[in-house]
Protein chains: 4
Amino acid sequence: MGDPIRVTVWNEFKHEKHNQSIADIYPDGIHGAIADGLRKIGGVEVGVATLDQPEQGLTQSTLDGTDVLIWWSHAAHNEVQDGIVDRVYARVMDGMGIILLHSTQGAKIFTKLLGTTGTLKWRESGEKERLWVVAPGHPIAEGLDEYFEIEETEMYGEFFDIPTPDTLVFISWFPGGEVFRSGCCFYRGKGKIFYFRPGHETHPIFFNENVRKVLGNAVKWAKPGKLPNITLRNVNVQPLEEI
Amino acid sequence: MGDPIRVTVWNEFKHEKHNQSIADIYPDGIHGAIADGLRKIGGVEVGVATLDQPEQGLTQSTLDGTDVLIWWSHAAHNEVQDGIVDRVYARVMDGMGIILLHSTQGAKIFTKLLGTTGTLKWRESGEKERLWVVAPGHPIAEGLDEYFEIEETEMYGEFFDIPTPDTLVFISWFPGGEVFRSGCCFYRGKGKIFYFRPGHETHPIFFNENVRKVLGNAVKWAKPGKLPNITLRNVNVQPLEEI
Amino acid sequence: MGDPIRVTVWNEFKHEKHNQSIADIYPDGIHGAIADGLRKIGGVEVGVATLDQPEQGLTQSTLDGTDVLIWWSHAAHNEVQDGIVDRVYARVMDGMGIILLHSTQGAKIFTKLLGTTGTLKWRESGEKERLWVVAPGHPIAEGLDEYFEIEETEMYGEFFDIPTPDTLVFISWFPGGEVFRSGCCFYRGKGKIFYFRPGHETHPIFFNENVRKVLGNAVKWAKPGKLPNITLRNVNVQPLEEI
Amino acid sequence: MGDPIRVTVWNEFKHEKHNQSIADIYPDGIHGAIADGLRKIGGVEVGVATLDQPEQGLTQSTLDGTDVLIWWSHAAHNEVQDGIVDRVYARVMDGMGIILLHSTQGAKIFTKLLGTTGTLKWRESGEKERLWVVAPGHPIAEGLDEYFEIEETEMYGEFFDIPTPDTLVFISWFPGGEVFRSGCCFYRGKGKIFYFRPGHETHPIFFNENVRKVLGNAVKWAKPGKLPNITLRNVNVQPLEEI
């Protein structure tokens with residue numbers, strides 16, 4: 001079984017405090033619902049952290065004890081301090097896995113890690129989403145059917161401004177004529193990044209069994225193994241030696 | 001820990017029978033050395049199979065009971081029957097992992113799975129190879145240093161005619177001025193393929209600790225998980241239904 | 001402007017001869033419509049070839065004089081001789097571009113070049129297709145809008161069994177809930193391959209202005225330039241020389 | 001022939017002013033040597049710009065009139081103002097091509113566009129570099145041999161912390177046992193990025209005929225074509241319409 005994977009679920013935790021209908025859906029916060037799903041899958045040790053905590057919930061010590069960080073933000077992207085973003089970035093470069101959810105495509109950490117703008121089309125209409133598996137051999141698709149559906153969600157549509165994923169796992173279909181690259185794996189530095197589209201705050205997305213299965217799979221995929229001994233700084237190897 | 005991964009190591013097993021110096025290096029055959037290395041790593045259940053066995057060692061039942069097939073061939077590429085190649089191919093499409101070693105770049109199964117010619121440069125001179133990790137977050141690089149070396153080997157050089165790997169894990173350096181894409185991951189069908197360059201019969205490559213570590217990692221990476229419910233045949237989904 | 005690109009449009013040319021309604025849509029054959037579209041775009045020198053010609057329309061001399069081959073087949077995949085397939089394959093490895101249209105995903109040349117089964121979902125219902133550009137900087141997307149539509153077509157849906165494209169240019173949306181990787185670039189050998197989904201024989205797809213624009217762009221992308229001096233055969237470079 | 005490609009060669013222009021031996025190699029600056037090479041290839045309209053000019057040489061008007069920007073920086077990475085970096089970044093997202101040379105892997109614009117640290121190994125010893133073509137069908141490899149050499153250069157070695165390139169065109173070999181991903185294409189936003197390793201200031205790299213050929217090819221590859229009509233901002237497409 002190995003040691004449990006140490007997961008920290010970070011949430012800006014704004015909508016749930018300011019909007020009763022969202023609080024009704026997520027009485028323990030979006031982070032609480034995600035953490036609950038992961039604990040049910042097992043093999044993990046899950047902590048939660050939120051923006052309103054000291055050091056915005058992401059102390060160096062918390063990050064150092066985190067194998068995989070899950071990030072949800074939307075309304076408060078700009079409240080996250082640059083120093084905290086830099087801290088998370090450094091940990092990903094150093095091997096920590098990170099799962100970037102839904103509207104996190106607009107967060108500083110998304111742009112800093114991936115470089116592109118993350119812009120997209122969107123529509124809030126409680127419509128259906130169907131996510132097709134396009135990488136059936138990938139560990140994040142384990143245990144799914146050829147597609148799964150979310151009954152009511154916000155739509156995100158292409159063009160989605162991202163780097164070409166190292167692996168594209170899901171493509172979403174929406175009834176209004178849109179498609180979206182919904183599950184995207186990226187290797188960056190020594191770390192692994194998974195962007196996963198579902199997750200709007202006005203729907204109980206994080207109670208969906210398939211969404212929970214994907215997050216469980218993604219955590220296993222993103223965790224750092226026994227990393228090779230590589231240092232991410234410029235290293236002067238003079239002089240030229242005979243070999 | 002989960003169930004052990006069922007590995008079959010297949011070897012044409014020609015050189016070891018016809019050349020005493022090679023037999024001295026691999027008294028139990030190349031397959032024997034590979035199997036021994038995997039057993040020492042653990043978590044696997046290893047069988048061996050060779051060309052001179054009934055159905056060339058690869059009965060349907062053997063393949064059905066194999067999670068990951070390791071393939072070594074060189075002198076006898078053309079003795080492998082097309083029907084056996086088709087059988088292996090079908091299992092990879094259906095999810096079996098396969099590790100294609102060294103001169104297997106000239107085998108029918110390589111070309112059938114990958115499409116390209118697999119041609120390359122080569123030189124037999126017992127020279128040093130240094131393999132650099134270029135995907136430090138990938139599970140196949142776990143537990144390695146930034147590079148590892150093989151003291152004496154045959155050289156393979158670019159241009160190596162392969163499809164762009166889904167992930168390029170290693171690039172080799174050789175003293176004569178050559179480089180080579182030495183560790184290449186490919187998703188195909190529902191299966192996973194890893195091409196690994198080292199493995200010449202005239203050197204004890206498969207006793208090298210780092211080579212063994214890579215093969216152990218590759219077996220874990222290539223094994224099929226709980227595959228999504230996808231069928232690889234054309235499916236008519238008429239009529240168009242409202243959704 | 002440079003020399004014109006020498007294009008050969010190859011068509012099995014069966015449906016148009018055996019089905020009046022298809023002949024009415026394509027009075028000059030599917031090849032005729034494609035050739036007409038390319039000639040209107042300009043910069044090309046277009047020939048056509050069909051299965052019923054000597055050597056199935058693909059003599060060595062024809063192929064040697066072709067920069068980009070466009071292929072349409074459906075009913076007669078298995079009538080194409082293996083020797084002809086090998087001849088086309090060899091030319092692609094050697095640098096000829098090839099554009100594989102629609103049902104060609106079931107042709108021998110598709111599988112030989114790409115390795116996977118090419119299987120997919122399909123439905124004939126004359127429904128709408130919307131193709132989204134997901135690689136806006138790629139030359140095949142030049143001059144398009146963010147998406148374009150085909151009013152009536154056959155549906156193809158995922159899971160589409162292909163290797164990961166080197167570049168994914170289009171993703172299609174269909175009203176029945178399906179998506180499809182519709183424009184896929186692959187580098188293979190010294191050649192370039194573009195798979196393009198649209199093209200069903202019962203609809204006037206190849207008269208669509210955007211389809212024609214895509215084919216014109218694809219021909220320019222796929223043409224061999226002044227290829228680097230690389231030979232696709234195993235080359236022995238002994239002995240090891242000091243460098 | 002089409003309109004000439006409008007290229008701006010930007011150089012920090014420090015070493016050439018402060019070090020006589022470098023000034024002797026590049027009497028017109030590194031930018032001057034690059035511009036001279038491009039003009040000899042033709043099909044371009046080349047301007048130069050340097051850090052000591054107003055707005056650091058990169059006014060909005062200059063960038064708006066630039067199809068492809070070539071960037072060389074080393075000693076003065078941190079003197080480049082963030083506002084100028086943002087301006088260049090915005091233009092790349094909007095379709096301008098950019099060629100990032102050599103030590104630019106440490107520049108702000110590199111990290112902002114690509115996300116990773118760009119760190120690597122290095123050694124200054126005037127050693128030989130051999131660049132192998134690993135994407136023979138790619139336009140940046142046109143007209144080269146299977147490899148080309150630079151007689152004396154600074155070494156850069158893996159691990160090079162970059163995102164997986166969309167296409168890897170060159171891998172370098174160095175005599176001390178190092179390899180390097182030396183020619184890397186990336187699609188980002190609507191723009192195209194080419195990172196090219198050679199270019200150390202203490203050697204006449206930019207007078208090398210093959211380096212000049214690569215830069216000429218890269219400019220043609222990176223230029224924006226007639227870009228599809230896509231806007232890089234979040235677009236609300238409510239309400240859901242029937243389609």
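Just so you know, these numbers come straight off a predicted model, no measurement behind them. Letters A, B, ... mirror the listed sequences (proteins, then strands); counts begin at 1. Values below: all heavy atoms of this structure, side chains included; hydrogens, waters and symmetry mates excluded.
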Can you say whether D/Asp166 sits under 4.5 Å from chain A via the side chain, the backbone, both, or neither, judging by heavy atoms?
side chain
Could you go step by step and tell me if D/Val237 and A/Met155 meet the side-chain contact (heavy atoms from CB on, under 4.5 Å) rule?
CA-CA 9 Å; D/Val237 290; A/Met155 181 281 290; 3.2 Å; yes
Of D/Glu124, D/Lys112, D/Met93, the largest count of non-hydrogen pairs under 4.5 angstrom with chain A goes to D/Glu124
Among D/Thr111, D/Thr116, D/Asn236, who wins on heavy-atom pairs under 4.5 Å with chain A?
D/Asn236
Grab the two heavy atoms, one from A/Pro163 and one from D/Arg188, that are nearest each other, plus how far apart they are.
CB-CZ, 3.4 Å
Closest heavy-atom pair and its distance - A/Arg123, D/Gln238:
CG-CG, 3.6 Å
Counting only heavy atoms closer than 4.5 Å, note whether D/Pro239 contacts chain A via side chain, backbone, both or neither.
backbone
Chain A: which of D/Thr164, D/Asp161, D/Leu120 shares the most heavy-atom pairs with it under 4.5 Å?
D/Leu120
Of all of A/Arg233, A/Glu127, A/Glu178, which one pairs up most often with chain D through heavy atoms under 4.5 Å apart?
A/Arg233
Under 4.5 Å from any heavy atom of chain D - which part of A/Gln105
side chain
Please classify the contact between A/Leu113 and chain D as side chain, backbone, both or neither, with a heavy-atom cut-off of under 4.5 Å.
backbone
Can you find a heavy atom in the side chain of A/Tyr89 that is under 4.5 Å from one in the side chain of D/Thr117?
yes
Pairs of heavy atoms under 4.5 Å with chain A: top-ranked of D/Gly189, D/Ser125, D/Gly177, D/Gly106:
D/Gly189
Which atoms of D/Lys121 approach chain A - backbone, side chain, both or neither, heavy atom under 4.5 Å:
both
